[in-house]
Amino acid sequence: MTASAPSDVQIPEVKTAGDLAQQPEEYQTAVHKIVASHAVNELYGAHVFDEPAIKLAPTPHAKWLACRIAMEEYHHHVRFKALADEIGIPAERTDPSVKKPLSIFEFQLNTWAEFCVIKAIADYAEILQVEDLLHCSFHPLRNLARVTMPEEKFHAKFGKDSCLELIQAGKADEVQDAIDRYFPITPAFFGASQSKNNEIYRKWKLKQRTNDEMREDFLGRVSELVEKDFGLRLPVLN
Ligand SMILES: [Fe+2]
Ligand SMILES: [Fe+2]
């Protein structure tokens, strides 16, 4: 169940980046955290997964798709970084060499099958995050979510289709092996169960759902993808 804001809190509808400065400090800080996090992680993800995947792609068409995905992920960073600059977030907070990226990017990418699994699973997780921002009370973030969503959907679909191609080509063991090693690190992407940040995001209607609600949704969807669509096994989480 989604927690509702206390009745004494006036939820603003902030239409432009320029209007942010008039909002309560807690609201501004929360917006800064969300924007900075997307800016850092889109850049780092493109750098460690999407760009290296171009050389792993096995065919000209796969290389073209990997190029397109890398370009789009870098562009997601560019969009979030432009908003970060507009609302005055210091440059070091959107720089992955200063601000630590999320743990899902610590996976060492070595094979094409791993990249396909990452796109099928992690980009679905990203879809859930972006979807949650579609109703954000800070409209510039809502607008970014709208333009980003079709591309994230394309990435997840690419991942699914590419995994199916590998499975049909007799490489199901490679896909299973990548799932076994990558999937266990993904639930942490949604953050802690009792997250103070998430509580504040929901209080101000910047985000709509708890970390656990999103994680639950994700786990249900991934188990359907892996077990039903791929006919493979989802590793048991500790
Ligand atoms: Fe992205
Ligand atoms: Fe993506």
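Position 1 is the first residue of the sequence, and the numbers go up from there. One-based numbering, in listed order, for ligands and for the atoms of each.
The distance from atom CD of Glu51 to atom CE of Met71, rounded to the nearest 0.5 Å, is 13.0 Å. Once rounded to the nearest 0.5 Å, the distance linking CG of Leu109 with OH of Tyr182 reads 9.5 Å.
Taking 2.8 Å as the criterion, Glu126 does not count as a coordinating residue of the Fe ion (ligand 1), since none of its N, O or S atoms falls below it.
Taking the Fe ion (ligand 2) as the apex, the angle formed with OD2 of Asp123 and OE2 of Glu73 is 100°, to the nearest 10 degrees. The angle Glu42:OE1 - the Fe ion (ligand 1) - His76:ND1 amounts to 100°, with values rounded to 10 degrees.
In terms of modelled atom types and a separation under 3.5 Å, the side chain of Arg202 and the main chain of Lys207 share no donor-acceptor contact. Counting only distance, with no hydrogens or angles, the side chain of Glu114 and the backbone of Asn110 share a donor-acceptor pair below 3.5 Å.
The atom of Glu152 that is an N, O or S and sits closest to the Fe ion (ligand 1) is OE2. His155 contributes ND1 as its N, O or S atom closest to the Fe ion (ligand 2).
Looking only at atom types and distance, the side chain of Asn197 has no donor-acceptor partner in the side chain of Ser195 under 3.5 Å away.
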